[in-house]
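Note sheet for the following structure.
Throughout, protein chains are lettered first and strands after them, A, B, ... in sequence-line order, and every chain is numbered starting at 1.
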Protein chains: 2
Amino acid sequence: MEDNTARFEKLLVKNGLKRTAPRLQVLEILSGRDSATSQPYLEQVMGKDADRVTLYRVLQAFEEKGIIHKVLDQQGTANYAICSDGCSAHEHHDEHVHFNCDNCHKIYCLDTVKIPALKVPAGFKVDRLNLIATGLCAGCSDKIN
Amino acid sequence: MEDNTARFEKLLVKNGLKRTAPRLQVLEILSGRDSATSQPYLEQVMGKDADRVTLYRVLQAFEEKGIIHKVLDQQGTANYAICSDGCSAHEHHDEHVHFNCDNCHKIYCLDTVKIPALKVPAGFKVDRLNLIATGLCAGCSDKIN
DNA sequence: TTATATTTGCAACATAATTGCATTAAAATG
DNA sequence: CATTTTAATGCAATTATGTTGCAAATATAA
Ligand SMILES: [Mn+2]
Ligand SMILES: [Mn+2]
Ligand SMILES: [Zn+2]
Ligand SMILES: [Zn+2]
């Protein structure tokens, strides 16, 4: 449980990615949070530990390999969360609902809430579904009321 | 049917907005399209007819008044479509599904497809729902197969 | 026609994201 | 362990998107 680093190193190797400091740091940060993490936040936390460009490339590589998935919030800002199920390079299956809190602006992966199948007009072929619910998260709705 | 301009002028007056060239032009463009229109596209089409900043302000004003609604596509780009139902300044009700085609990149408002109600974990309070389906639109799925 | 309130354009700024290229460093090889 | 190979990083420059303040222009009310 404690030796995250060893676990992350395995994850990188498994995906044919070299074990580098920026990559381990991103995994460390993301796994230590209970909600999706925005690019700006990551950039701020990593500071001069890694170049902005490197951060973008790390995120892109992770996404391609199925290690993390991207969620855009209401403002279009990119947020990232570790994939829960067995996502892989050519198969993401993160079709769970995402919840964007109006108050704390966190984005929660509601892994237990699946997106209901959809009936679309004739001709349309649905490949992926992306549902973002907006409102107040549990913590904030407590505090406010 | 043909006298859009008169119709648009009424719409502006009704919402307390002055009848200006950039506003009429935006309404003209949006109403002439069968799918949502991206900000970059609008900017390109309007060219030097209006300043970029003016375009942003026109779009913002229209959104606030319930004349248009904004949809972010998979890349986070802002797209705009005329509101169908009776949306107003303080009440948008465009909770229909949006369809983003992987091939032509158009975004269709599926006005007839409502977003199903959602059961979220205890504590979460849902205010709005935003569902984007991605895949192939009717036209593209014809051409490709 | 004049007054007023709104809207526009311009300039400057902020942030997010991408590209090319030289340098560095990880891992594979012998 | 030393060397080669390949992948990854950092830096500089560039593009795209969106915002703000303010003076000038203009639509509408008086
Ligand atoms: Mn998620
Ligand atoms: Mn719509
Ligand atoms: Zn919250
Ligand atoms: Zn299409």
Task: Rounded distance (Å) that lies between atom C1' of C:dA27 and atom CZ of A:Arg23 - done: 13 Å
TODO: Consider only side-chain N and O atoms of A:Gln39 and A:Thr77, and report whether a donor and an acceptor are under 3.5 Å apart.
DONE: no
TODO: Answer yes if A:Leu17 and A:Leu24 sit in the same cluster of Ile, Leu, Val, Met, Phe, Trp and Tyr residues linked by side chain heavy atoms under 4.5 Å apart, and no otherwise.
DONE: yes
Task: Distance flag, aromatic centroids of A:Phe62 and A:Tyr80, threshold under 6.0 Å - done: no
Task: Residues within residues 41-57 of chain B bordering DNA chain D, heavy-atom distance below 4.0 Å - done: B:Arg52, B:Val53, B:Tyr56, B:Arg57
Task: Residues B:Asp49 and B:Gln25: side-chain donor-acceptor under 3.5 angstrom - done: yes
Task: Where A:Thr134 and A:Gln74 come nearest, the two heavy atoms and their spacing - done: OG1-NE2, 3.0 Å
TODO: Rounded off to whole Å, could you give me the CG-to-C1' distance for the B:Asn79 and D:dG18 pair?
DONE: 15 Å
Open item on the list: Can you measure A:Leu12 atom CG to C:dA25 atom C1' for me and round it to whole angstrom units?
Closed with: 15 Å
Task: Cation over ring face, A:Arg33 and A:Tyr41, 6.0 Å, 45° - done: yes
Task: A:Glu43 and A:Arg52 ion-paired at < 4.0 Å - done: yes
Task: Intra- and interstrand pairs of DNA chain D - dot-bracket, Watson-Crick/G-U under 3.5 Å, | marks other strand - done: ||||||||||||||||||||||||||||||
Task: Same cluster (ILVMFWY, side-chain, under 4.5 Å), A:Ile107 and A:Leu110 - done: no
TODO: Nearest whole angstrom, please: distance from the P of C:dT6 to the CG of B:Asn15.
DONE: 15 Å
Task: Distance, rounded to the nearest Å, where B:Leu72 contributes CG and D:dG18 contributes C1' - done: 13 Å
Task: Integer-rounded Å distance: C:dT18 C1' and A:Gln39 CD - done: 13 Å
Task: Flag for B:Asp111-B:Ser84: side-chain donor and acceptor within less than 3.5 Å - done: yes
Open item on the list: Could you tell me if the side chain of B:Tyr108 sits less than 4.5 Å from the side chain of B:Asp34, heavy atoms only?
Closed with: yes
Any N/O pairs under 3.5 Å between the protein and nucleotides 26-29 of chain D? List them or say none.
from: D:dA27; atom 1: N3; to: B:Lys18; atom 2: NZ; distance (Å): 3.3
from: D:dT28; atom 1: OP1; to: B:Arg19; atom 2: N; distance (Å): 3.0

Task: Whole-Å distance separating the CD atom of A:Glu63 from the P atom of C:dT18 - done: 10 Å
- [ ] Please work out whether the ring planes of B:His98 and B:His69 are parallel, tilted or perpendicular, with thresholds of 30° and 60°.
- [x] tilted
